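Step one of this worksheet: look at the structure below.
Note that this is a predicted model, so its numbers are computed, not measured. The sequence lines fix the lettering, A, B, ..., with proteins before strands; numbering per chain opens at 1.
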Amino acid sequence: MSEPPPAIGAPALSARGSDVVPPPPPARGWARARVTGIALLGLWALVGAGTLLFLLSSWNAELFARYAPRYLSGLLVTVQLVAISIVLGAVLSVPIALGRRSKSRIVATLSYAYVYFFRGTPLLAQTFLVYYGLGSFRPELQAVGLWGFFREAWYCAIFAFSLNTAAYQAEILRGAFESVGRGQWEAASALGLSRLQTVYKIILPQAAIVALRPYGNEIILMIKGSAIVAIITVYDLMGETRRAYSRTFDFQTYIWAALIYLSIVEMLRLGVDRIERRLTRHLRR
Amino acid sequence: MDYTTLLSFGREGWGDDIASGVAITVSLALATLPLGLVLGFVVALGKRSTEPTLRLSANIFTTIFRGLPELLTLFLVYFGAQIAIQQIVRAAGGETYIEINAFAAGMFALGAVFAAYASEVFAAAFSAIPHGQYEGAHALGLSRWRTMRLVILPQLIRVALPGLSNLWLILLKETALVSVIGLSDILRQTGIAARTTREAFLFYGTACLLYLVLALLSSIVLSAVERRVSAGGAAR
């Protein structure tokens, strides 16, 4: 836009200065936003206070003494289940991720089908398929001596969860490795590094940055998803909660569980944030 | 009985029962989608607001519904709403037993979870839109509402669509949880068939395949929508 010529006689510089129009103030609606915000925050405060009041008013020392240890053991079961499944899934995910990138059409298709199946169906249905479904093959399983394994809900849950998380982790792994450019491999080989050294010193540190957040999310998803084992009679945190509720019909049992799950997930999220800050410390200025 | 009879539509088979389960699953997911989208969009607006109280309340919402296991959220809504309504009725002097509809409980619980994740997708999409777009619309004299509708939304949808497609596929799978509170969806119907016929692997396998088919159909539809939406954009 062309500027209007300065008035004759007026010093050019100061005219320019006074012609500068300040940016328009934020349009109206600010007050409305503020009112809505305070109202919503008040609503949350009300929900929080109501929950607290409910917990205090229905405080029952006997109930607490009776169920607190059970919740603790349930929490332990949840943590064990998730930890074992994540580790087994991580081990299993490596061949699957490699299979996805394989040059052999058959291997690539098979690993793609594996990933598609486990990502495309509900974890609950997979767990049922293992726990109830494999019962259809009881004679065969007995013949190979695996029936003792698949009879237990606990082992079935670990089996189903490991297979499930392996599919997700394989995709994370593949995505992270593909995010590291080819040039990195070429440069490493030009420097005479061995394949193992390349992976360990050059590819992994870069892939880890990309993979960290998805891995953290996967662990959080597993913790949340693991609640469904309560349905196949594993007494994890959710299972203990359901048992406590069915015996007492006291709604606070669910609220305690909600608070525990929320704090675990939040702690994990903060932990991932902290690790990410450490891994990317060279990228910050 | 052989497998084809068991899965057939008729007196002997379970085909019609399972088909009704598919209908329930699909209708629950379809009913949840608009609720989750609208709520998620509103929460995303809150997150982008310059007003700190709005941002905080939006973040509290996401923290809660992303942090709770979906199954627990479902139970909280299902049992919690039941208890709350009964308390209110009792306080008003009435005496009734109220049972919450499992479909509605599922819709609200899954809708809240969907909204929590969708708000992140929308918020990310918002930040992908350059500030000049708002300034341009302002310069053209568009009102805030028309800026949103005519300028921002068409671009926002294009950016957010892949993330939202993903959330739809997750939602489709999460509907399986409502079988636990008694809604006759795919998983519950196949479960009944499995228990009656003692052919658990066949029926749960069928359930898994049905979910796969639904996911496959969704991705076909979604990629068509994505093509259409990106074709509508101006060439850059």
Side-chain angles (χ1 to χ4, degrees), chain A residues 24 26-30 32-44 47-48 116-117 119-137 220 223-228 230-231 237-238 241-242 245 249 251 254-255 257-258 261-266 268-269, chain B residues 45-46 49-58 60-61 63-64 66-73 75-76 79-80 82-84 135 138 143-144 169-170 172-177 179-180 186-187 190-191 194-195 198-205 207-216 219:
Chain A
R28 63 188 181 79
W30 188 81
R32 202 170 44 187
R34 183 159 200 177
V35 170
T36 324
I38 290 174
L40 284 176
L41 214 53
L43 201 68
W44 279 124
V47 170
Y116 198 85
F117 177 81
R119 300 210 313 167
T121 55
L123 182 55
L124 188 60
Q126 291 161 17
T127 313
F128 281 176
L129 191 64
V130 171
Y131 182 55
Y132 297 117
L134 288 184
S136 303
F137 303 108
I220 288 173
I223 288 179
K224 298 196 323 174
S226 72
I228 62 162
I231 300 167
L237 182 52
M238 191 69 195
T241 310
R242 258 160 64 100
Y245 183 71
F249 285 106
F251 192 62
Y254 276 123
I255 299 202
Y261 273 116
L262 266 187
S263 33
I264 301 175
V265 169
E266 270 316 289
L268 262 173
R269 206 187 296 285
Chain B
L45 283 181
S49 171
T50 46
E51 172 63 32
T53 50
L54 265 184
R55 278 205 305 271
L56 184 60
S57 13
I60 293 176
F61 179 86
T63 307
I64 290 180
R66 283 200 319 178
L68 286 179
E70 288 78 10
L71 187 61
L72 187 56
T73 312
F75 283 158
L76 284 176
F79 296 120
Q82 212 152 299
I83 289 170
E135 286 163 1
H138 186 76
S143 70
R144 268 174 66 153
L169 294 175
I170 293 174
L172 214 50
K173 291 187 288 169
E174 273 173 359
T175 54
L177 293 177
S179 64
V180 180
I186 295 179
L187 201 56
T190 48
R195 248 168 287 137
R198 305 201 156 275
E199 288 286 354
F201 194 81
L202 171 71
F203 282 109
Y204 285 124
C208 286
L209 285 184
L210 285 174
Y211 281 109
L212 277 185
V213 169
L214 288 182
L216 202 67
S219 19

Where [X] and [Y] come nearest, the two heavy atoms and their spacing:
{"X": "A:Ala258", "Y": "B:Leu76", "result": "CB-CD1, 4.1 Å"}
{"X": "B:Lys173", "Y": "A:Arg119", "result": "NZ-O, 2.8 Å"}
{"X": "B:Thr53", "Y": "A:Ile38", "result": "OG1-N, 3.7 Å"}
{"X": "A:Leu129", "Y": "B:Cys208", "result": "CD2-SG, 4.1 Å"}

Chain A contact via B:Ala194 - which portion, at a heavy-atom distance below 4.5 Å: neither
Heavy-atom proximity to chain B below 4.5 Å, by part of A:Tyr116: both
Heavy-atom proximity to chain B below 4.5 Å, by part of A:Ile231: side chain
What residue, out of [options], has the most heavy-atom pairs lying under 4.5 Å from chain A?
{"options": "B:Thr175, B:Thr190, B:Val180", "result": "B:Val180"}
{"options": "B:Ile64, B:Leu169, B:Thr73", "result": "B:Ile64"}
{"options": "B:Leu216, B:Leu210, B:Leu202", "result": "B:Leu216"}

All ring-ring contact (aromatic ring centres under 6.0 Å, His included) counterparts of B:Phe61, not counting sequence neighbours: B:Phe65
Pair A:Tyr245-B:Phe79, ring pair (Phe, Tyr, Trp, His ring centres under 6.0 Å): steps then yes or no: CA-CA 10 Å; A:Tyr245 183 71; B:Phe79 296 120; 5.0 Å; yes
Side chain to side chain donor-acceptor pair (under 3.5 Å) partners for A:Arg269, two or more places apart: A:Glu266
